[in-house]
J.: 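Dumping the structure here so I can ask a few things about it.
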Amino acid sequence: MDNVTSINVFFLSGLNETMNHRIAIFSVTLICYCVILLLNVSLVVIIISDNNLHEPMYIILCAFCMNGLYGTTGFYPKFLWDLLSPVHLISYSGCLIQALVIHSFTSSDLSILALMSYDRYLAICRPLQYHSIMTKKRLFHFLVFIWIVPAIIFRINMFLTSRMKLCSSRISRLYCLNRVIVQLACSSSDNMISSIVAYITIIIYFFHGLFIVWSYMYLIKTCISSLENRRKFMQTCVPHLTSLFIFIVTVLFDLMYMRFGSKDLPQAFQNFVAIEFLVIPPIMNPLIYGFNLAKIWKRIQNVTQLKY
């Protein structure tokens, strides 16, 4: 058992320099989390309760919002608690679980975006075969695959991480990530094995990205020649592309900063970079789809009129 860590608790040091403003930060964070819950839960309820929205595109959107709720729940409650606590601690097991939730949330988001692009490709480029290919049963299998695969991959990552002997218990972030824990390993060989698995994971999801790019390139090529297809593209694909752009910018910004960013920058800036993908996409995605997809917007208007 020499390779099992004796560290039971991690110290999260990301908030150390901002504690003078913790009440203001707590208030803003609580409002932000409430807005995320309100927007995403509202869209999920609207889609589930309206039979007219039980179509593949809207079911995928419902899964997208549910995944946003899953990922943000892995961060915000603990972060809000830390803002009210004098010491910012997280148990070893809690740190691994939080890392698993955040990693699987991000990976599932990319997979759902890939499924959205496939759905739009079928709807616009192969409309006569759309309903025979994108059946509810097949869609269910896709969604199960999207959630199960990241869970399995990152459970393997977490298992490898849990076998490492760690030489420090200080995490210089607001939350736990697998890469951050791996950096605390005493042995470079342990670090190397975990890095190999991490690179394999990156390659898998890189191909997701390539598939999305191919799908939209083919869609754009198809839509140029048809006015009706151009209208469909603007109505249903532009929201997807906007969500994709927001996702790529926020996640890549954090990844690039983790690998190449300077630790001499202000802690507040480092914190913003670290949490932007947990703030911007979960708020923007339901707004983008709620205002741009005609059926959802019409349903929102009907609900609002009934209330008033």
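The model shown is predicted, which means the values in this text are computed figures rather than measured ones.
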J.: Report yes if the side chains of Leu241 and Phe245 come closer than 4.5 Å at any heavy-atom pair, otherwise no.
T.: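 No. Closest side-chain heavy atoms not under 4.5 Å.
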J.: If every non-hydrogen atom of Val279 is compared with every non-hydrogen atom of Cys32, which pair is closest and at what distance?
T.: CG1-SG, 3.7 Å
J.: So do Met57 and Arg120 actually touch side chain to side chain, heavy atoms under 4.5 Å?
T.: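 They are in side-chain contact.
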J.: Do the non-hydrogen side-chain atoms of Ser117 and Leu244 ever get within less than 4.5 Å of each other?
T.: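 Ser117 does not reach Leu244 side chain to side chain.
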J.: Heavy atoms, side chains only, cut-off 4.5 Å: are Ile153 and Ser107 in contact?
T.: no
J.: What distance do Ser168 atom OG and Ile181 atom CD1 have between them, rounded to the nearest 0.5 Å?
T.: 12.0 Å
J.: Once rounded to the nearest 0.5 Å, what's the spacing between atom CD1 of Ile152 and atom CD1 of Ile156?
T.: 7.5 Å
J.: Does any non-hydrogen side-chain atom of Leu184 lie less than 4.5 Å from one of Phe10?
T.: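 With C-beta onward as the side chain, the pair touches.
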J.: Give a yes or no on whether the backbone of Ala114 and the side-chain of His208 come within a donor-acceptor separation of less than 3.5 Å.
T.: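 No; judged by distance alone, with no hydrogens or angles, the pair does not exist.
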J.: May I ask whether Leu80 and Val28 are part of the same hydrophobic cluster, defined by side-chain heavy atoms of I, L, V, M, F, W, Y residues being less than 4.5 angstrom apart, directly or through others?
T.: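 The answer is no; the residues belong to distinct hydrophobic clusters.
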J.: Which pair of non-hydrogen atoms, one from Pro56 and one from Asp119, has the smallest distance, and what is that distance?
T.: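 Minimum heavy-atom contact is CB-OD1, 3.6 Å.
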J.: Are any of the side-chain heavy atoms of Leu96 and Cys176 separated by less than 4.5 Å?
T.: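 No - every pair of side-chain heavy atoms lies 4.5 Å or more apart.
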J.: Looking only at heavy atoms, what is the nearest atom pair of Leu278 and Thr72, with distance?
T.: O-CG2, 3.7 Å
J.: Is the shortest side-chain heavy-atom distance between Trp81 and Ile90 below 4.5 Å?
T.: no
J.: Tell me, with the steps shown, if Tyr92 and Leu166 meet side chain to side chain contact (heavy atoms under 4.5 Å, CB included).
T.: CA-CA 11 Å; Tyr92 186 85; Leu166 306 181; 3.8 Å; yes
J.: Are any non-hydrogen side-chain atoms of Phe11 and Ile171 less than 4.5 angstrom apart?
T.: no
J.: By side-chain hydrogen bond (donor to acceptor under 3.5 Å, both in side chains), which residues pair with Asn285, not counting sequence neighbours?
T.: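 Residues passing side-chain hydrogen bond (donor to acceptor under 3.5 Å, both in side chains) with Asn285: Ser243.
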J.: Would you give the length of the straight line joining atom CD of Gln183 to atom SG of Cys167, rounded to the nearest 0.5 angstrom?
T.: 13.5 Å
J.: Would you please test Leu37 and Leu69 for side chain to side chain contact (heavy atoms under 4.5 Å, CB included) and show each step?
T.: CA-CA 7 Å; Leu37 291 175; Leu69 291 169; 3.7 Å; yes
J.: Residues two or more places apart in sequence or in another chain: which of them pass side-chain contact (heavy atoms from CB on, under 4.5 Å) with Ser91?
T.: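 Here the qualifying residues are Ser93.
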J.: Treating Thr250 as the side-chain partner and Phe247 as the backbone partner, does any N or O pair qualify as donor plus acceptor under 3.5 Å?
T.: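 Here the side-chain-to-backbone pair exists.
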J.: Do Tyr205 and Ile203 share a hydrophobic cluster, counting only Ile, Leu, Val, Met, Phe, Trp and Tyr and linking them when any side-chain heavy atoms are less than 4.5 Å apart?
T.: no
J.: Taking all non-hydrogen atoms of both residues into account, name the closest pair between Leu122 and Met134 and its distance.
T.: CD1-CE, 3.9 Å
J.: Determine the interplanar angle of the Phe277 and Phe105 rings, folded into 0 to 90°, and report it as parallel if under 30°, tilted if 30 to 60°, perpendicular if over 60°.
T.: parallel
J.: Do Val213 and Phe207 belong together in a cluster built from hydrophobic side chains that touch within less than 4.5 Å?
T.: no
J.: Please tabulate, for side-chain N and O atoms in residues 39-48, each donor-acceptor pair with protein atoms closer than 3.5 Å (sequence neighbours left out).
T.:
from	atom 1	to	atom 2	distance (Å)
Asn40	ND2	Ile36	O	2.8
Asn40	ND2	Pro282	O	2.9
Ser42	OG	Leu38	O	2.5

J.: Only counting residues at least two apart or in another chain, list the ones meeting ring pair (Phe, Tyr, Trp, His ring centres under 6.0 Å) with Tyr175.
T.: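 Listed in chain order: Phe75.
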J.: Roughly how far, to the nearest 0.5 Å, is CZ of Arg22 from CD1 of Ile25?
T.: 10.5 Å
J.: Would you say Trp214 has more than 12 foreign heavy atoms packed within less than 6.0 Å of its CH2?
T.: yes
J.: Which heavy atom of Met116 sits nearest a heavy atom of Leu61, and at what distance?
T.: CE-CA, 4.1 Å
J.: Between Phe206 and Ile200, is there a shared hydrophobic cluster once you connect ILVMFWY residues whose side-chain heavy atoms come closer than 4.5 Å?
T.: no
J.: In Å and rounded to the nearest 0.5 Å, what is the CD1 to CG distance from Ile60 to Leu143?
T.: 6.5 Å
J.: According to side-chain hydrogen bond (donor to acceptor under 3.5 Å, both in side chains), who are the partners of Tyr70, at least two apart in sequence or on a separate chain?
T.: Ser104
J.: Can you name the nearest heavy-atom pair linking Ser108 to Pro150, along with the distance?
T.: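 The answer is OG-CG, 3.5 Å.
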J.: Going from OG on Ser85 to NZ on Lys78, what distance comes out if it is rounded to the nearest 0.5 angstrom?
T.: 7.0 Å
J.: Decide if atom NE2 of His131 counts as having more than 12 heavy atoms of other residues, nucleotides or ligands within a radius under 6.0 Å.
T.: no
J.: Kindly state each residue pair satisfying ring-ring contact (aromatic ring centres under 6.0 Å, His included) with at least one member in residues 136-169, sequence neighbours excluded.
T.: His103-Phe154
J.: Under 4.5 Å between side-chain heavy atoms, counting indirect links through other Ile/Leu/Val/Met/Phe/Trp/Tyr residues: same cluster for Met284 and Met66 or not?
T.: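 Not linked; separate clusters.
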J.: Passes side chain to side chain contact (heavy atoms under 4.5 Å, CB included), Ile204 versus Val149? Steps please.
T.: CA-CA 11 Å; Ile204 291 171; Val149 170; 5.7 Å; no
